[in-house]
Each structure stands twice: as C-alpha cells, then as structure tokens.
Undergrad: 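Shown below is the structure under consideration.
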Amino acid sequence: MVGPTGPTDAKIAIVGEAPGQEEVAQGLPFVGPAGKVLDTALRQMGVAREECYITNVMQERPPGNDFGAFYADPKRRLPSPALYEGIARLKSELHQVKPNVTLLCGEEPMRALTGVRGITARRGYLQMMEGMKMLP
C-alpha cells in the first residue's frame, strides 16, 4: 500500500493511477520514472513538489502492473468492488484537501474522477467533478 503525501491543505493535488515497483519499494507515490517526469514538470512551473498533495486512484500496485486487473471485465467497462472503493476514497481525500486544481495524470484518474474517457482530447482542458477543477 502506498498512501498519499503532501499537505492536506495543498492548492494543487496530483493523481496517478496506482503505484509502480519503485513506489512500492519506497512507500511513496510518484518516485519512479513517472515521478521524475513529474518533478521536472513541477520545477519548470516553479512549483515545489512538497507543496502538492500527491495520491493515486488505487493505493496498491495492480497484479502484473496492469490497471485492468481492477476491472471486472476485460474491456474495462465495469469497475471491480476494489476499484469502486478506491474511487470513493480518492474523492473523499480530495474533498478534505480542497485543492484549487487537481492534475489528472492518466486516463484512469480522469475516468475515476470525471467519468469520461479520452484523455488525449481533453488534455489541458478543465473538467469538473463535484464542484472541483480537474486538469487532465
């Protein structure tokens, strides 16, 4: 299990899919290859990682590192009970943190929080979830 990090009053929340091998080894989100890309992007924006609340849709690494394992069907249409729980926990976290904006790092975070698919077409365009701003 890899829980969230960062201040619970952060202005920016960052949401990924699930921890990878390096995240599980260190017990921290976004410390593997994707975390290095994230760190670079944050530095370029002038934002310190420590200012951000960082979490994932799922706090456990999926079997075979395949997020599809959290779905009840191979076409990823029906979330498993565990995925429903993960989404509910994530929404609760974000309602407690109340960030100004939540960065959705991937298709699964966007789908979990906005209910829509197709991140490529929505990348950079604000989406809303229960009154909160989401940026894919």
Undergrad: Would you say the side chain of Arg49 lies within less than 4.5 Å of the side chain of Asp39, judging by non-hydrogen atoms?
TA: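 Heavy-atom side-chain distance check passes, below 4.5 Å.
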
Undergrad: Side-chain heavy atoms nearer than 4.5 Å, only ILVMFWY residues, links allowed to pass through others: does that put Leu104 and Leu42 together?
TA: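 As far as the 4.5 Å side-chain criterion goes, Leu42 and Leu104 are not connected within one cluster.
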
Undergrad: Are side-chain heavy atoms of Gln96 and Thr8 found at a separation under 4.5 Å?
TA: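 Heavy-atom side-chain distance check fails, nothing below 4.5 Å.
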
Undergrad: For the residue pair Met129 and Lys91, establish whether any side-chain heavy-atom pair is separated by less than 4.5 Å.
TA: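 In short, these two side chains touch, coming nearer than 4.5 Å.
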
Undergrad: Would you please name every residue forming a salt bridge (charged side-chain N to carboxylate O under 4.0 Å, His left out) with Lys133, sequence neighbours left out?
TA: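 Listed in chain order: nothing, the list is empty.
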
Undergrad: Quick one: does Pro7's side chain get under 4.5 Å of Glu51's, heavy atoms only?
TA: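 In short, these two side chains do not touch, never coming nearer than 4.5 Å.
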
Undergrad: Rounded to the nearest 0.5 Å, what separation is found between the CG atom of Asp73 and the CZ atom of Arg76?
TA: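 Taking CG in Asp73 and CZ in Arg76, the distance rounds to 10.0 Å.
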
Undergrad: Calculate, to the nearest 0.5 Å, the distance between atoms CE and CG belonging to Met58 and Leu90 respectively.
TA: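 Those atoms lie 10.5 Å apart.
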
Undergrad: Return the CG to CD1 distance between Leu28 and Ile54, rounded to the nearest 0.5 Å.
TA: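 CD1 of Ile54 is found 9.5 Å from CG of Leu28.
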
Undergrad: Quick one: name the residues clustered hydrophobically with Met1, using the 4.5 Å side-chain heavy-atom rule over I, L, V, M, F, W, Y, and just say none if it's on its own.
TA: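 Other cluster members: none.
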
Undergrad: Kindly state each residue pair satisfying ring pair (Phe, Tyr, Trp, His ring centres under 6.0 Å) with at least one member in residues 35-69, sequence neighbours excluded.
TA: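 Matches after skipping sequence neighbours: Phe67-Phe70.
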
Undergrad: Taking side chain as C-beta onward, heavy atoms only, is Ile12 less than 4.5 Å from Asn100?
TA: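 The answer is no; the side chains never approach within 4.5 Å.
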
Undergrad: Would you say Arg77's side chain and Tyr71's backbone share a donor-acceptor pair under 3.5 angstrom?
TA: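 No.
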
Undergrad: Would you say the side chain of Arg117 lies within less than 4.5 Å of the side chain of Glu108, judging by non-hydrogen atoms?
TA: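 Counting from C-beta outward, Glu108 and Arg117 never come under 4.5 Å.
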
Undergrad: Among residues two or more places apart or on two chains, list those pairs meeting ring pair (Phe, Tyr, Trp, His ring centres under 6.0 Å) that have a residue in residues 84-133.
TA: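 Non-adjacent pairs meeting ring pair (Phe, Tyr, Trp, His ring centres under 6.0 Å): zero.
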
Undergrad: Walk me through whether Thr55 and Arg89 qualify under side-chain contact (heavy atoms from CB on, under 4.5 Å).
TA: CA-CA 11 Å; Thr55 191; Arg89 176 206 33 84; 3.9 Å; yes

Undergrad: Using side-chain hydrogen bond (donor to acceptor under 3.5 Å, both in side chains) as the criterion, list what pairs up with Thr102, not counting sequence neighbours.
TA: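 side-chain hydrogen bond (donor to acceptor under 3.5 Å, both in side chains) list for Thr102, sorted by chain: empty.
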
Undergrad: Would Val15 and Cys105 count as a side-chain contact (heavy atoms from CB on, under 4.5 Å) if you check the C-alpha gap in whole Å, the side-chain angles of each, and the deciding distance to 0.1 Å?
TA: CA-CA 6 Å; Val15 180; Cys105 298; over 6 Å; no

Undergrad: With the side chain counted from C-beta on, respond yes when Val57 and Ile87 share a heavy-atom pair under 4.5 Å apart, and no when they do not.
TA: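 Touching, per the 4.5 Å side-chain cut-off.
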
Undergrad: Should Met110 and Val116 be marked as a side-chain contact (heavy atoms from CB on, under 4.5 Å) after you check the CA-CA gap, both sets of side-chain angles, and the distance that decides it?
TA: CA-CA 7 Å; Met110 186 179 77; Val116 296; 4.1 Å; yes

Undergrad: What do the steps show when you test Leu94 against Met132 for side-chain contact (heavy atoms from CB on, under 4.5 Å), and what is the final call?
TA: CA-CA 9 Å; Leu94 294 175; Met132 293 189 285; 3.9 Å; yes

Undergrad: Is Val37 isolated, or which residues cluster with it under the ILVMFWY side-chain rule of less than 4.5 Å, directly or via members?
TA: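 Grouped by the 4.5 Å side-chain rule, Val37 forms a cluster of one, so the answer is none.
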
Undergrad: Treating Ile, Leu, Val, Met, Phe, Trp and Tyr as nodes and any side-chain heavy-atom pair under 4.5 angstrom as an edge, say whether Val2 and Val31 lie in one connected cluster.
TA: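 Different clusters.
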
Undergrad: Between Gln127 and Thr114, is any side-chain donor less than 3.5 angstrom from a side-chain acceptor?
TA: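 No, no side-chain donor-acceptor pair sits under 3.5 Å.
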
Undergrad: Compare all side-chain heavy atoms of Ser80 with those of Glu85 and state whether any distance is below 4.5 angstrom.
TA: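 Contact flag for Ser80/Glu85 side chains = no.
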
Undergrad: Would one find more than 12 heavy atoms of other residues, nucleotides or ligands at under 6.0 Å from atom CD of Gln26?
TA: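 Buried by this count: over 12 neighbours within 6.0 Å.
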
Undergrad: Would you kindly confirm whether Leu113 and Val97 end up in one hydrophobic cluster when ILVMFWY residues are joined by side chain heavy atoms under 4.5 Å apart?
TA: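 No; Val97 is not reachable from Leu113 via cluster members.
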
Undergrad: Do Asp66 and Arg61 meet the salt-bridge criterion of a basic N to acidic O distance under 4.0 Å?
TA: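 Answer for the salt bridge query: no.
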
Undergrad: Taking only Lys NZ, Arg NE, NH1 and NH2, and the carboxylate oxygens of Asp or Glu, determine whether Arg111 and Glu107 approach each other closer than 4.0 Å.
TA: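 Not counted as a salt bridge, because no side-chain N and carboxylate O are separated by less than 4.0 Å.
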
Undergrad: Side-chain heavy atoms under 4.5 angstrom apart, residues restricted to Ile, Leu, Val, Met, Phe, Trp, Tyr: same cluster for Met128 and Leu135?
TA: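 No, because Met128 and Leu135 fall into different hydrophobic clusters, even though each may have its own neighbours under 4.5 Å.
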
